Amino acid sequence: MSYNAISESEKLHTHFKLIEREENFTLTEDLQIHYLELPKLPEDKEILELEGVELWVAFFRETGKEGNEEKLEKLKERSEVMTKAMKSLETVSSDEKMLEAYRAREKARMDELAKIAYAKKQGEIEKAKQIAEEMFKLGIDIGVIEKSTKLALEELIEIEKRVISERS
């Protein structure tokens, strides 16, 4: 990840697995979650000093950056696995079909994130409308409701009309 998601740990690689909460046994070794947090690898650490997963974090952080050829060469020299990973990346990047498939997956991922964000926003709006309705029922002033819910005045007037009509 290009941001720090796990503030509880300073480790750049955190590893999770599914464990039964009460009896504390692992469900399966086949399902695990690994977080690699790129910002947690110090920028000033030399490639020759890197070990194990640090090499992968450096690889993920440096690929695709402009002017990083020297660092990538050092990574290649440091590990045969890094050399293979870079060759694979070059192959995928140069193959139009594979690149198109990657772009399609990335677009689908971004579309899904946008749908989730939209649904969340809609849920927040609906909750604000419910709160506004309850506030009207309590006789709270429309100005206070507007400030509290951040709903548009026109929307609040419609909600207020509905509440008044339900009382009659």
Side-chain angles (χ1 to χ4, degrees), residues 1-135 148-151 155:
M1 293 185 187
S2 58
Y3 61 93
N4 290 332
I6 303 170
S7 58
E8 297 84 359
S9 175
E10 292 299 314
K11 294 174 15 181
L12 61 96
H13 174 224
T14 46
H15 170 207
F16 300 90
K17 51 185 173 177
L18 298 177
I19 296 179
E20 203 287 328
R21 291 173 67 171
E22 292 177 13
E23 296 182 36
N24 201 32
F25 63 87
T26 302
L27 175 64
T28 177
E29 289 295 327
D30 296 332
L31 181 58
Q32 301 177 16
I33 300 170
H34 294 262
Y35 279 90
L36 296 175
E37 297 180 278
L38 308 185
K40 289 184 178 178
L41 180 66
E43 290 281 343
D44 59 349
K45 194 162 186 180
E46 292 293 324
I47 289 177
L48 294 175
E49 299 172 19
L50 302 178
E51 295 294 330
V53 75
E54 292 177 328
L55 289 167
W56 283 106
V57 171
F59 171 76
F60 291 134
R61 189 167 68 189
E62 297 305 324
T63 53
K65 281 186 182 178
E66 292 292 323
N68 64 347
E69 293 79 15
E70 185 180 329
K71 287 183 180 180
L72 292 174
E73 277 304 313
K74 286 181 181 178
L75 278 171
K76 281 183 189 178
E77 292 168 8
R78 184 75 174 74
S79 165
E80 180 64 30
V81 172
M82 291 293 109
T83 302
K84 289 180 182 177
M86 286 183 209
K87 284 181 183 176
S88 295
L89 181 61
E90 288 170 10
T91 301
V92 169
S93 298
S94 64
D95 184 324
E96 279 301 316
K97 286 184 180 180
M98 291 182 89
L99 195 54
E100 188 62 34
Y102 163 77
R103 288 182 180 142
R105 283 192 307 274
E106 188 64 13
K107 182 186 180 314
R109 186 181 74 80
M110 296 302 287
D111 288 349
E112 190 62 29
L113 289 174
K115 286 179 192 175
I116 291 168
Y118 177 77
K120 181 179 177 187
K121 183 67 176 170
Q122 290 304 112
E124 291 170 358
I125 291 169
E126 285 305 311
K127 185 65 176 173
K129 289 178 182 179
Q130 290 172 357
I131 291 169
E133 187 173 324
E134 291 303 314
M135 292 174 84
S148 299
T149 63
K150 311 276 190 293
L151 291 172
E155 182 73 39

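One is the number of the first residue; the rest follow in order along the sequence. Note that the structure is a prediction, hence the values are computed from the model and not measured.
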query: To the nearest 0.5 Å, how far apart are OG1 in Thr149 and CE in Met135?
result: 7.0 Å
- request: Begin with the C-alpha distance, continue with both residues' side-chain angles, and end with the deciding distance and a verdict on side chain to side chain contact (heavy atoms under 4.5 Å, CB included) for Tyr35 and Leu12.
  value: CA-CA 8 Å; Tyr35 279 90; Leu12 61 96; over 6 Å; no
- prompt: Taking NZ, NE, NH1 and NH2 as the nitrogens, is one of them in Glu106 or Arg109 under 4.0 Å from a carboxylate oxygen of the other?
  reply: yes
- request: Inspect the contact between Asp111 and Lys107 and indicate whether a charged nitrogen and a carboxylate oxygen are less than 4.0 angstrom apart.
  value: yes
query: Mind checking whether His15 and His34 have parallel, tilted or perpendicular rings, split at 30° and 60°?
result: parallel
message: Looking at every heavy atom in both Met86 and Leu72, which two are closest together, and how far apart are they?
response: CE-O, 3.3 Å
message: Strictly distance-based, threshold 3.5 Å: is any side-chain N or O of Ser9 a donor or acceptor partner for the main-chain N or O of Lys11?
response: yes
message: Determine whether Arg78 and Glu51 satisfy the following criterion, salt bridge (Lys or Arg N to Asp or Glu O under 4.0 Å), listing intermediate values before the conclusion.
response: CA-CA 10 Å; Arg78 184 75 174 74; Glu51 295 294 330; 3.0 Å; yes
Closest heavy-atom pair and its distance - Ile6, Phe16: CD1-CE1, 3.6 Å
SB check Lys76 Glu73 (cutoff 4.0 Å): yes
query: Out of curiosity, Leu113 CG to Lys115 NZ, how far, rounded to the nearest 0.5 Å?
result: 11.0 Å
Leu36: which of Leu41, Val57, Thr14 passes side chain to side chain contact (heavy atoms under 4.5 Å, CB included): Val57
- prompt: Any donor-acceptor pair under 3.5 Å linking the side chain of Glu23 with the backbone of Glu20?
  reply: no
query: For Gln122, does the CD atom sit with more than 12 other heavy atoms under 6.0 Å from it, leaving out its own atoms?
result: yes
message: Nearest 0.5 Å, please: how far is CG in Leu151 from CD1 in Ile125?
response: 7.5 Å
task: Please confirm whether the backbone N or O of Leu75 pairs with a side-chain atom of Ser79, one donor and one acceptor, at under 3.5 Å?
output: no
Gap between atom CD of Glu80 and atom OG1 of Thr83 - 0.5 Å precision: 5.0 Å
message: I'd like to know whether Lys74 forms a salt bridge (Lys or Arg N to Asp or Glu O under 4.0 Å) with Glu77, so could you lay out the CA-CA distance, the side-chain angles of the two residues, the decisive distance to 0.1 Å, and finally the verdict.
response: CA-CA 5 Å; Lys74 286 181 181 178; Glu77 292 168 8; over 6 Å; no
statement: When rounded to the nearest 0.5 Å, the distance separating CE of Met82 from CG of Leu55 is 5.5 Å
task: Quick one: pull up CG in Asn24 and CD1 in Ile19 and give me the separation to the nearest 0.5 Å.
output: 5.5 Å
- request: Can you establish whether the number of heavy atoms outside Lys45 located under 6.0 Å from its atom NZ is more than 12?
  value: yes
query: Any Lys/Arg nitrogen of Glu10 or Lys40 sitting under 4.0 Å from an Asp/Glu carboxylate oxygen of the other?
result: no
Note, Lys17 side chain near Ile33 side chain (heavy atom, < 4.5 Å): no
